[in-house]
Every structure is written in C-alpha cells, then in structure tokens.
*Asks:* 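Could you have a look at this structure, given as structure tokens, before my questions?
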Amino acid sequence: MSALPPSPGAAGPAGTTLALRCRNLHRHLGQGEGRVHVLKGVSFEAERGQVYAIVGPSGCGKSTLLYLLGLLDRPDDGEIEINGRVMSNHDDWARTAARGEHIGFVFQFHFLMLEFTALENVLMPMRKLGRLSPEAMKARAASLLEAVGLGEKTHRLATQLSGGEQQRVAIARALANQPTILLADEPTGNLDVKNSNLVFELLTRLAKEQGQAVVLVTHNPEIAQRCDVIRRMRDGVFV
Amino acid sequence: MSPNLRIAYRFLTAKKRAMFMSLSCTVLGVGLFIVTQATTSGFEQFFTKTILGINGAIRIEDKIQDTMRSMAAAGGGDSHFSRRDGVKYIEGVEEPQALMEAVRTFSNVRGVSAVVRGNVQITSAFKTEDAQVFGVRLEDHIRVSDLAEQITSGELEDYRQSPNGALVGRVLADRLQLAVGDSFVVATRGASRRVHVSAIFETGYREVDKTNVYLHLAEVRSLLKRPSGATYLQISLFDPGRAPEDAFRMEQVLRHSVKPWQEREKTWLAVFRALRISTGITVTVFTLIASLAMFNTLAMIVLEKTKDIAILRSMGYERRDITQVFLWQAGIVLAIGAVIGAIFGAAVTWLVGQVPLPINGIFKTDHFIVTWELNHYLAAIATAVVMVMVASLIPARRAARLEPGDIVRGTAQ
Ligand SMILES: Nc1ncnc2c1ncn2[C@@H]1O[C@H](COP(=O)(O)OP(=O)(O)O)[C@@H](O)[C@H]1O
Ligand SMILES: [Mg+2]
C-alpha cells in the first residue's frame with residue numbers, strides 16, 4: 001500500500017516518538033467576499049503514548065485543524081509530518097494510503113455507514129488495507145467492539161444503534177488498522193456523562209497500551225483536565 | 001467478494017427505489033431493443049425467403065451483344081464515346097446447356113434451372129384468363145425454388161409422372177374454378193394444348209399465384225414453337241447474401257445480363273430498410289431516454305452518498321475505489337437488467353408472434369412474424385453495456401473527485 005514501514009504502534013523511524021508534527025499551518029475557507037482566514041499559523045506536535053486536548057471557543061478553527069492533520073484537507077501554507085514524512089504536499093494517492101495506515105479519524109457526528117452492521121463498519125478500513133486474513137480481520141473487529149463495550153451488538157445495523165453506541169463503533173473503526181495517530185473531533189460532544197467517560201477512558205487506555213498519539217478536540221473541561229497536554233486555541237492560533 | 005463490490009451491493013440494495021428505477025430502465029431498454037429487432041427483421045426475412053423461393057437468388061437473361069462500345073473499350077478507345085453508347089442485349093439465353101455448365105462451376109451455386117416462359121390464355125370449363133406458362137425441368141427447378149413446399153393440394157409426383165400435368169397458382173385456379181385432376185386448355189398464337197391440374201401451389205406472392213402455370217419443358221417448347229434456348233436461367237445459392245458479388249462475376253465471365261435478387265427486389269427492400277430506420281430511430285430515442293434516466297438515478301445516488309464517500313476516503317479508500325463502488329452498482333444493475341431484459345424481450349417477442357395478422361400479397365401469413373436470433377440479444381446487451389457505462393462513468397468520476405475535507409465541512413459541490 002505505502003512505502004512507509006508497516007509497524008504502527010511500535011517506535012517510529014530512528015527511535016523518535018514524534019508521531020505528528022505541523023508547522024505554521026494556514027488555511028482560508030470560503031470564496032470571494034466570504035473568504036475567511038481560519039488558521040493563522042498553527043504549529044503543533046504530538047508524541048506517541050500521549051493524549052492531547054485541543055480546546056477553544058466554537059468557530060476558532062479546531063475542526064479545520066483536525067481535518068488538516070488527518071490529511072482530509074490541504075493547508076494553504078505550512079507543513080504536516082506524519083511519522084517523520086512530510087505529507088502536506090504529497091499527491092492524493094500517498095495521502096490516502098497514509099490515512100488508511102497511520103491515521104484513525106473520529107468525526108464529530110459519528111459518521112457510520114448506515115447500510116452496514118457495527119462489525120462491517122469496523123471491518124471497512126481493514127478490508128482496504130488488506131493486511132490481515134479475513135478471519136483475523138473479523139476476530140480483530142469483534143475484539144475491538146468488545147473493547148468499546150459493544151460485544152453484544154456486533155451484528156446490529158448502524159441505524160439500530162444509539163448515538164453513544166454509534167460513537168463507540170466509530171472509535172473502534174478508527175482503531176481498526178492500529179494507526180499511530182488517533183484524531184477525534186469532539187468524540188464525547190453528543191454523549192452523556194457516563195458514555196463520555198467510557199469513551200475517554202477507552203481512548204487514553206489505548207494511547208498508553210499501544211503507544212498511540214491521541215489528539216482530541218473537546219468542550220468538556222473535565223475531560224480536558226485529564227489529558228496529558230492541553231492546547232488552547234483562539235481565533236485560529238494557539239494561545 | 002472485493003470490498004468495493006460488497007459496498008456497491010449494499011448501497012444498491014439499501015436504495016430499493018433507485019435500484020428499481022435503474023433496473024426498469026435497463027430491462028425496458030434491452031427488452032424493447034430485442035422486440036423491435038425481432039419484429040422488424042421478421043417480415044423482411046420472410047419476404048426474402050418467399051421471393052428466393054419463387055425466383056431464386058440470381059437470374060441470368062439476355063446475352064450481352066459485343067458492340068462498338070466493347071470493341072472501342074478493348075482497343076483502349078474513347079471512354080466518352082463508350083458511355084454514351086451503352087450496352088446492347090440480345091433477348092434470352094441462346095445456349096442454356098453450356099451456360100448452366102459454366103454456372104455450376106461457381107462454388108456458391110446450389111442449383112440452376114433453365115426456364116422457357118410465354119404469355120398464354122387459359123380456358124377452363126368456367127372461363128378464360130391470361131396467364132404465363134413456365135416450362136421447367138422439375139428436378140432442376142425444385143433445386144432453385146421452394147416449389148415442392150408450395151404445393152397446397154395435389155401431388156408433385158402426379159406432375160412428375162404425367163407429361164401433360166400442370167402446376168397452377170392458387171389464385172388462378174380459384175378464378176378458373178380448377179381443382180386437382182381438372183383439365184384445361186393452354187393456348188397461344190394459334191397453338192393449344194389440353195393439360196390437367198396435377199397440383200395447385202401457393203407462394204403467397206399474389207402476382208405469382210395469379211398468373212403462373214408450370215408445365216414440362218418439352219410441352220412448353222412445342223407450344224411456343226421454341227425448340228432451343230431459354231428465357232432465363234434461375235439460380236439458387238448456398239449463401240444468398242453473396243448474390244451481388246456472384247452476379248457481378250458471372251456477368252463478367254458469361255457475357256449475359258445477370259441480376260441478383262437484391263437488385264430485382266430493390267423497391268421492397270427499400271421499404272423494409274425505411275421500416276428498419278424508423279424503428280431504429282424509435283429504439284435509439286428510447287435508449288437515450290433510458291440512459292438519461294439511468295444517469296439521473298446514479299447521479300442522485302452519488303449525491304446521497306457523499307458522506308459515505310468522505311468516510312471511505314478518510315479510511316484509506318482511494319479515488320479509484322470510489323469510482324469502482326459506483327461502477328459496480330451500475331454493473332450489478334446491468335447484469336440483472338440484461339438477464340431480465342432478455343427474458344422480457346423473448347416473452348414479448350413470443351406474445352407478438354401470437355398476434356393474428358393476415359397478410360397476403362408479397363407473402364402470406366396469418367400472424368405477426370417474429371425472428372429468433374441470438375444476435376439480437378447480443379446486440380441489445382452490448383448496447384446496454386455501452387449506455388450504462390457511459391451513464392454511470394460521469395457520476396462515478398464525479399464521486400471520486402470529491403474532496404473529503406469539503407464533504408465533512410459541507411461545502412462539497
Ligand atoms: N466553507 C466555509 N466558508 C467560510 N468560512 C467557513 C467555512 N467553513 C467554516 N468556516 C469558518 O471557519 C471557522 C472555523 O470553523 P471550525 O474549524 O469548524 O471551528 P470549530 O471546530 O473550532 O468550532 C468558523 O468561524 C467557521 O465559520
Ligand atoms: Mg468543530
């Protein structure tokens with residue numbers, strides 16, 4: 001799939017623990033009169049095994065930053081490195097491969113594929129990567145769902161799951177390919193306290209166990225407090 | 001099953017209405033294509049079979065006279081002069097035996113029969129009608145025509161056995177109130193013969209059934225006082241489609257006027273061609289409308305699926321995968337639609353074949369004529385493949401071009 005070494009979870013190239021680094025990111029959104037300078041020179045680093053919280057008022061550019069870090073969008077200026085490789089200016093194919101192999105993304109509005117069961121949703125990234133045998137994929141997907149507390153509901157269609165359950169499936173899916181970087185956009189935003197805690201504990205436990213860099217955007221000060229690093233953002237820059 | 005095919009299948013089955021819409025377009029398109037082919041070519045093929053069964057594939061008549069033109073041409077002379085001069089013919093075939101030998105050397109020739117024709121009056125106990133007698137050797141002539149199959153009453157064997165037997169066309173027999181076994185008088189320019197009806201034939205071509213009477217060659221020679229020569233040679237071919245090429249070569253070699261059936265029947269063939277064109281236009285228009293509907297449905301599916309596209313892309317699915325997911329959907333519709341469409345087309349073709357429709361004139365039938373040809377089905381499916389692929393390629397490519405960032409931000413267009 002990609003030229004990058006297929007060893008997520010292990011130490012990065014040349015022993016560095018830096019999974020993600022971006023420098024001086026700029027992003028404008030909108031066209032003509034409505035064009036807005038959303039990100040105004042953002043720099044950020046994330047190491048394996050650490051959990052980062054990005055906090056800030058609504059509209060300050062947190063999601064925009066996360067899309068850039070997740071290689072779902074391109075910056076107007078600046079650089080993004082994934083595991084030591086500059087990806088911001090790569091072609092679509094290389095960026096797509098890096099997404100599949102190194103990045104797990106949890107969208108703000110859980111975004112499951114509704115025609116598929118929980119298990120099939122989790123299988124989806126694994127089938128594309130094709131690193132495991134079909135049986136191993138199924139076993140891994142089932143154990144991931146077990147880990148997020150949905151072991152009983154693996155064959156439920158996504159439409160038959162509650163919001164909290166869907167969000168947990170989305171997390172299991174983001175972890176499917178053992179990415180080195182997990183990006184989550186307000187993963188607990190739509191959940192009650194119990195579910196919020198469940199999801200957060202899940203994310204942090206994985207970061208510690210598997211050495212993943214976890215970056216989450218959150219509005220919840222309690223959750224932010226429990227992260228290793230808190231970065232505050234306002235009006236397109238970290239403060 | 002490949003991941004992309006799996007996704008395509010699930011997308012499709014989840015959207016029952018869209019699937020039904022595009023499936024019906026394909027089924028109707030394939031079915032209609034088959035039915036129009038089967039019904040249009042049915043009559044034309046039947047007409048061709050009828051006229052080949054009467055007059056054979058090629059007719060040789062009238063010797064080409066060597067004139068100033070050919071002499072001048074042979075001498076490399078003035079072409080302007082030769083064109084004005086034209087070709088001159090001597091009526092009839094002077095040496096049928098020699099010509100028949102030469103014709104038989106052509107590999108595509110199945111049979112050749114020498115015919116002596118003359119205008120006569122036929123008198124029965126009831127009344128007198130104008131008619132044409134054809135003097136033929138039966139064994140030769142049944143090889144170049146369907147005469148044996150055209151007998152509706154009486155026996156060919158009786159004709160074969162009796163020198164004064166006659167084969168009379170159905171319409172003529174009715175007009176003269178002649179039945180098998182009745183005798184009648186054939187008369188021309190003072191000469192006359194009494195013969196009897198051995199059998200009555202019906203070709204379905206009214207002009208023929210109204211005027212033709214077949215007699216033994218010797219009988220006609222003596223009646224018309226024509227001891228040698230023939231009016232024309234009738235030839236049947238293994239592959240009638242090649243008649244124009246064979247006729248051209250025969251004309252070069254035999255120095256006689258040689259006419260293939262396509263030239264003889266060009267008026268009717270032009271009518272059938274016009275018919276084909278008009279149904280062709282109908283089918284083309286319908287096919288275009290169907291593929292437009294197909295395009296519309298697929299474009300709608302893409303619009304409804306932009307979120308899923310963003311998800312798939314975020315998980316490492318490439319642009320190529322997205323294209324494939326939507327092409328697979330079209331492919332599934334196409335595969336199912338082609339099968340059901342072919343069955344549907346066959347069913348409607350069968351039903352149309354049951355429609356009563358008496359036609360008599362250029363051929364005879366009492367029901368709608370349809371043809372069963374694998375080619376129609378293959379052509380229909382090939383057309384559907386092209387149309388569906390064209391209709392789906394644009395939405396599929398569009399889906400692949402969407403940027404995941406734009407989709408999740410809600411600004412994808
Ligand atoms: N398509 C767009 N055109 C113009 N401005 C946009 C567009 N999309 C988002 N924005 C603006 O970009 C800013 C940052 O958005 P976002 O990253 O979603 O904020 P956050 O996630 O921090 O709430 C907001 O002020 C929003 O209004
Ligand atoms: Mg946001």
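Remember, it's a predicted structure, so these values are computed and weren't measured experimentally. Side-chain atoms are counted along with the backbone in the values below, which use heavy atoms only and exclude waters and symmetry mates. Chain identifiers are assigned alphabetically (A, B, ...) following the order of the sequence lines, protein sequences preceding nucleic acid strands; residue numbering begins at 1 within each chain.
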*Asks:* CG of A:Asp92 to CD of B:Glu403: how many Å apart, nearest 0.5 Å?
*Replies:* 6.5 Å
*Asks:* Give a yes or no on this: more than 12 heavy atoms of other residues, nucleotides or ligands lie within 6.0 Å of atom OH of B:Tyr9.
*Replies:* no
*Asks:* List the steps and the verdict of side-chain contact (heavy atoms from CB on, under 4.5 Å) for A:Phe111 and B:Val408.
*Replies:* CA-CA 10 Å; A:Phe111 282 15; B:Val408 289; 3.6 Å; yes
*Asks:* Do A:Arg127 and B:Arg6 have side chains that get closer than 4.5 Å, going by heavy atoms?
*Replies:* yes
*Asks:* Do B:Thr13 and A:Glu115 have side-chain heavy atoms sitting under 4.5 Å apart?
*Replies:* no
*Asks:* Just wondering, more than 12 heavy atoms not from B:Phe238 lying within 6.0 Å of its CZ?
*Replies:* yes
*Asks:* So for A:Leu123, is it side chain, backbone, both, or neither that comes closer than 4.5 Å to the heavy atoms of chain B?
*Replies:* neither
*Asks:* Shorter than 4.5 Å, heavy atoms on both sides: which option in A:Glu120, A:Arg95, A:Met124 has the most such pairs with chain B?
*Replies:* A:Met124
*Asks:* Just by distance, with hydrogens left out, do B:Arg313 and A:Thr96 show a side-chain donor and acceptor under 3.5 Å apart?
*Replies:* yes
*Asks:* Which distance, rounded to the nearest 0.5 Å, do you find between the CH2 of A:Trp93 and the CZ of B:Arg319?
*Replies:* 14.0 Å
*Asks:* What's the separation between atom CG in A:Leu114 and atom CD1 in B:Ile311, rounded to the nearest 0.5 Å?
*Replies:* 7.5 Å
*Asks:* Quick check: do A:Met113 and B:Ile7 have side-chain heavy atoms less than 4.5 Å from each other?
*Replies:* yes
*Asks:* Out of curiosity, B:Ser314 OG to A:Phe107 CZ, how far, rounded to the nearest 0.5 Å?
*Replies:* 4.0 Å
*Asks:* Looking at B:Lys49, I want to see if its NZ is surrounded by more than 12 non-hydrogen atoms of other residues, nucleotides or ligands under 6.0 Å.
*Replies:* no
*Asks:* Flag the pair A:Arg173 / B:Met315 as yes when at least one side-chain heavy-atom distance between them is below 4.5 Å, and no otherwise.
*Replies:* yes
*Asks:* With only heavy atoms counted, which part of B:Leu312 is less than 4.5 Å from chain A, the side chain, the backbone, both or neither?
*Replies:* side chain
*Asks:* Which region of B:Asp321, side chain (C-beta onward) or backbone (N, CA, C, O), has a non-hydrogen atom less than 4.5 Å from a non-hydrogen atom of chain A, or is it both or neither?
*Replies:* side chain
